[in-house]
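Working notes, beginning with the structure itself.
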Amino acid sequence: MATTTAQTTDIGLAGALVQTMHVLQDLYAETSRPLGLTPQQAHLLCVLLAGPLGMTDLSRILSIERSSLTSMVDRLERRDLVARIPHPTDRRACQIELTAPGLALAHDAHNAFTTRIEALTTALSPTARRTLTTTLLNVFG
């Protein structure tokens, strides 16, 4: 994301955030591919690190249609990375949880992604790093 000061000023905050989003999406693709995952599959596995979720919640979090999510879960289930488990309060629904191999792969995906981000941001001073972290958490956290 090497831009000149003039370019950064011209694109404004929204443009800088969009540009950052594209860089992060590219990083997600680069780090998930060697693990045998699509970026969407890696995202799903990383989301499940927080614990099992229902299909409606996953669809909303991942911003994908239920039918696409069902296909993705089917593929991950065939690879023994996720499992469908009964919902604790709704007999009609199920939740998706990581299996042991899925948990290990989710951690690998998360660590590969965060390691790349750390490498890209090493030029930030500790103060700039704290300011950026605080700002992002206040806005998006």
Side-chain angles (χ1 to χ4, degrees), residues 1-5 7-141:
M1 190 157 63
T3 60
T4 65
T5 304
Q7 288 173 324
T8 302
T9 303
D10 291 343
I11 66 171
L13 177 60
L17 287 171
V18 168
Q19 187 176 16
T20 301
M21 178 192 66
H22 290 299
V23 169
L24 293 174
Q25 287 174 332
D26 289 346
L27 284 179
Y28 227 92
E30 289 173 22
T31 57
S32 60
R33 197 173 304 116
L35 298 172
L37 298 169
T38 66
Q40 297 81 7
Q41 290 172 333
H43 190 189
L44 177 111
L45 294 180
C46 289
V47 166
L48 291 175
L49 283 170
L53 288 171
M55 295 292 277
T56 301
D57 289 332
L58 284 171
S59 178
R60 180 185 45 78
I61 291 167
L62 300 173
S63 299
I64 60 175
E65 295 294 323
R66 278 286 296 261
S67 60
S68 298
L69 177 61
T70 299
S71 297
M72 186 186 329
V73 168
D74 288 345
R75 285 189 297 277
L76 293 172
E77 192 173 37
R78 282 192 296 274
R79 292 179 59 190
D80 191 36
L81 298 176
V82 300
R84 287 175 167 90
I85 60 170
H87 191 281
T89 60
D90 184 351
R91 292 182 306 157
R92 299 165 296 154
C94 70
Q95 290 188 307
I96 309 305
E97 75 173 354
L98 293 169
T99 61
L103 179 63
L105 193 55
H107 280 296
D108 290 347
H110 178 77
N111 291 339
F113 187 62
T114 56
T115 297
R116 286 294 307 276
I117 292 171
E118 288 292 332
L120 286 175
T121 59
T122 56
L124 291 175
S125 70
T127 301
R129 184 179 293 274
R130 279 191 304 275
T131 300
L132 180 57
T133 301
T134 301
T135 301
L136 290 173
L137 289 173
N138 285 335
V139 173
F140 301 110

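Residues: numbered from 1 along the sequence shown.
Using a 4.5 Å cut-off on side-chain heavy atoms (C-beta onward), Leu37 and Arg79 make contact. In this structure, Leu81 and Gln41 have side chains that are not in contact, with every pair of non-hydrogen atoms separated by 4.5 Å or more. For the pair His110/Leu49, a side-chain contact is recorded, criterion being any heavy-atom separation below 4.5 Å from C-beta on. Here the side chains of Pro88 and Gln95 are in contact, with some heavy-atom distance below 4.5 Å. Between Leu45 and Leu103 there is no side-chain heavy-atom pair separated by less than 4.5 Å.
The line from NE2 of His87 to CD1 of Ile96 is 11.0 Å long, rounded to the nearest 0.5 Å. To the nearest 0.5 Å, atom OG1 of residue Thr70 and atom CZ of residue Arg66 are 5.5 Å apart. Separating the CG atom in Leu48 from the CG atom in Leu58 is a distance of 5.5 Å, to the nearest 0.5 Å. Atoms CG and CG, on Leu24 and Leu17 in that order, are 10.0 Å from each other to the nearest 0.5 Å. Atom OG1 of residue Thr127 and atom CG of residue Leu132 lie 12.5 Å apart, to the nearest 0.5 angstrom. Taking CD1 of Ile117 as the reference point, atom OG1 of Thr122 lies at 13.0 Å (rounded to 0.5 Å).
Residues Ala109 and Leu35 approach most closely at CA-CD1, 3.4 Å, considering heavy atoms. Of all the heavy atoms in Cys46 and Tyr28, the pair that sits closest is SG-OH, 3.6 Å. Val82 and Val73 get closest at one heavy-atom pair: CG2-O, 3.8 Å. When all heavy atoms of Leu69 and Ser59 are compared, the pair lying nearest together is CD2-N, 3.5 Å. For the pair Leu98 and Ala106, the tightest heavy-atom approach, listed with the atom from each and the gap, is CD1-CB, 4.0 Å. Taking each heavy atom of Arg129 and Thr121 in turn, the nearest pair found is NH2-O, 2.7 Å.
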Verdict with supporting geometry, Gln25 and His43, side-chain contact (heavy atoms from CB on, under 4.5 Å)
CA-CA 10 Å; Gln25 287 174 332; His43 190 189; over 6 Å; no

For side-chain contact (heavy atoms from CB on, under 4.5 Å), just list the numbers for Ile64 and Gln40, CA-CA rounded to whole Å, side-chain angles, deciding distance to a tenth of an Å, and then say yes or no.
CA-CA 9 Å; Ile64 60 175; Gln40 297 81 7; 5.5 Å; no

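Side chain of Thr99 to backbone of Asp80: a donor-acceptor contact under 3.5 angstrom is found. A donor-acceptor pair under 3.5 Å is formed between the side chain of Ser71 and the backbone N or O of Ser67.
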